[in-house]
Amino acid sequence: MTARIRAALERVAADLGAPGAEFVLERPRDAGHGDLATNLAMVLARPLRQNPRQLAERVLAGLGLPADVVARTEIAGPGFINFWLAVDQLDAQLQAILGAGAGYGRHHFGTGKRVNVEFVSANPTGPLHVGHGRGAALGDGIAALLEWSGHEVVREFYINDAGVQIDKLALSLWARVREAAGHPAAVPEGGYHGAYLQEMAQALLDREGASLAGLPEAEGVARCRAHALQAMRVEQDEDLRVFGVRFDVHSSEQALYHAGRVGHGLEVLAAKGLTYESEGALWLRTSEFGDDKDRVLRKQDGSYTYLVPDVAYHIEKFERGFAHAIDVWGADHHGYVPRMRAVLKALGYPDDFFDVKIVQLVKVVRGGEEVRMSKRSGEFVTLRDLFEEVGVDAARYFFLMRRGESGLVFDVDLAKSQTEENPVFYVQMAHARMSGIFRVAGRDPVSVTGAATPEALPAPEDLELLKKLGAFPEVTLRAAEEREPHRITGYLEELARVAHGWYHKCRVLGEPPAVEHGRLLLARAARQVLANGLTLLGCSAPDRM
RNA sequence: GCCCCCGUAGCUCAGCGGAUAGAGCAGCGGUUUCCUAAACCGUUGGUCGCAGGUUCAAUUCCUGCCGGGGGCACCA
């Protein structure tokens, strides 16, 4: 439908002497401006040197769209052309929703493209906290949006299992093991003080025996390192599994070294002439590609900086054949973005290969007071604490409600509340109500088929609901293009509001047969779209609450 | 000092360069013989941080300020 009008507009633009004019044909925010509106006449005003409203008349005269497609048009405001679609197009829209079913809202612009979405990638040095949860929800949400647009998506978790932080973890656990066995010991400067390491130490002693604490330090630390890495992985994986996030690939920093990928990365950079030696260190010329300054790759002491394995990792992603590599990073890494961009640009990768989505901090509020978290002191809110308290659905939904770049206030009381004020509840309730109609009717929604005549949907609320349902594919398209799941939550809340209003105003069961049938179709469509949206966000769509 | 993000209603936030800037909550006023009142309807409330610029058109793009947050390493 939209495509047909767009094509007609393009033809008229060409006829008027402005082929290829860039105009917009969209669903206006204000229902009083029709079903579709275009700014074509205003865009043409400048090149054709003519008044936009006069041009709009010439455009309309040249369109020649039949009355069974467009029922009415008008020229409004500074030169907008508004279109009202013929009413029987609305039944076509209803059939499109029911016909597509669980696939309604999917797109194909990504077909044939492989995309890598890397997220969470928490250091294996402690339990996942709420910030990781936001990253998990966002990364999974973006991955789902990309799948919905036809991409082949790989969800990937990068394990920073090498480097200084892991050394500290191993030393910290070793200290706890010694301590628990009655030896004098202290968690080192800059180490991890959380209670979870005391528990882990005790569990390790129980399993291995007290002799563990008497091992020579080097061996004891090595044992602790191996155990801590493994145990943290298991714990994080389990949290994520319960949270509904599954990864296809776990990439390990250690493995990158072992597989020679790090050396390969350095060779690739050197072969492009991007590196040079200075002051005993090896540098990368990132400043020529948008970074503030050049960056060190190999320090004076011969060890590599954090950048090296990370660059090697992104080279590897490119060489694995991904069209896009999307990283979800915490706000504390945002300063790192220009540097990585510079490197990949220097390597000559396409501009749209690498994209970073930043998630700002999460502020957890309970009873109107902020719940503080501090990894150092060991007092923090873990992801598990949070979703065990509010439920996985609420946690995922809340994490996705805001754009990643915005700070997020997570109101625990609101997330738990079973009232209209809680957006997850509100949206799920709308789905449950639609389901309730079929339950009372004793019918399977899928069994309701056929066409809806205009007489079968007599109320303005019927048409309003149908229109809102019709907007879903545009929302998923834009959300996928921008990689912004919060657009889905916003839409679902609008849809839920319209659906609740419709439910209240428009009876279904017991109406004249034609109306009952039309509204059952509409309820089925609404239930489908609500379910599709919730599924896309990783939330359940309950039939009753 | 430099970089990034944010600044929109009392609060939390939406708003691909378009029309009279929206929603939820809070406030005020209503609604229930009814498929879940766990709901619905109406209404009050705005210098879109400030100043320039580009444009037929700027909350949106650009520049500079102001305010809030985050980041600045041969740490990860």
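The shown structure was predicted, so the numbers you read here are calculated from the model rather than taken from an experiment. Letters A, B, ... are given to chains in the order of the sequence lines, protein chains preceding strands, and every chain is numbered from 1.
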Within residues 509-517 of chain A: residues closer than 4.0 Å to RNA chain B (heavy atoms): Leu509(A)
Centroid-centroid under 6.0 Å between Phe354(A) and His314(A) rings: yes
P gap between A9(B) and G30(B), integer Å: 29 Å
A51(B) and C5(B), which share atom name C1', separated by this distance in whole Å: 22 Å
Secondary-structure notation, RNA chain B, from Watson-Crick and G-U pairs under 3.5 angstrom (| other strand): (((((((..((((....[...)))).(((((.......))))).....(((((..]....))))))))))))....
Any Thr489(A) side-chain N or O less than 4.0 Å from OP1/OP2 of G24(B): no
Listed nucleotide nearest any side-chain atom of Ala432(A), set C16(B), A26(B), U36(B): U36(B)
Backbone of Trp329(A) reached by a side-chain donor or acceptor of Asp327(A) within 3.5 Å: no
Phosphate-side-chain proximity, Arg487(A) and A14(B), N/O vs OP1/OP2 below 4.0 Å: no
Side chain of Tyr426(A) - closest among G18(B), A14(B), C40(B): C40(B)
Minimum-distance nucleotide (side-chain atoms of His334(A) versus C74(B), U36(B), C3(B)): C3(B)
Base A19(B) paired with Asn82(A) side chain (donor-acceptor, <3.5 Å): yes
Crowding at CD, Glu277(A) (>12 non-hydrogen neighbours, <6.0 Å): yes
Close N or O pairs between protein and nucleotides 29-32 of chain B (under 3.5 Å):
none

Within 6.0 angstrom of Arg544(A) CZ, more than 12 heavy atoms from elsewhere: no
Arg403(A), nearest nucleotide to its side chain (from A39(B), C6(B), A76(B)): C6(B)
Presence of Arg433(A) side-chain N/O under 4.0 Å of A37(B) phosphate oxygens OP1/OP2: yes
Donor-acceptor contact present, side-chain Asp161(A) to main-chain Ser252(A), <3.5 Å: no
Comparing Thr419(A) and Lys293(A) on RNA chain B - which has the more 5′ nearest nucleotide: Thr419(A)
G70(B) and U63(B), which share atom name P, separated by this distance in whole Å: 25 Å
Under-4.0 Å side-chain N/O to phosphate OP1/OP2 contact, Arg339(A) with C72(B): no
Tyr503(A) side-chain N/O to U36(B) phosphate OP1/OP2 under 4.0 Å: yes
C75(B) OP1/OP2 closer than 4.0 Å to side-chain N/O of Lys299(A): yes
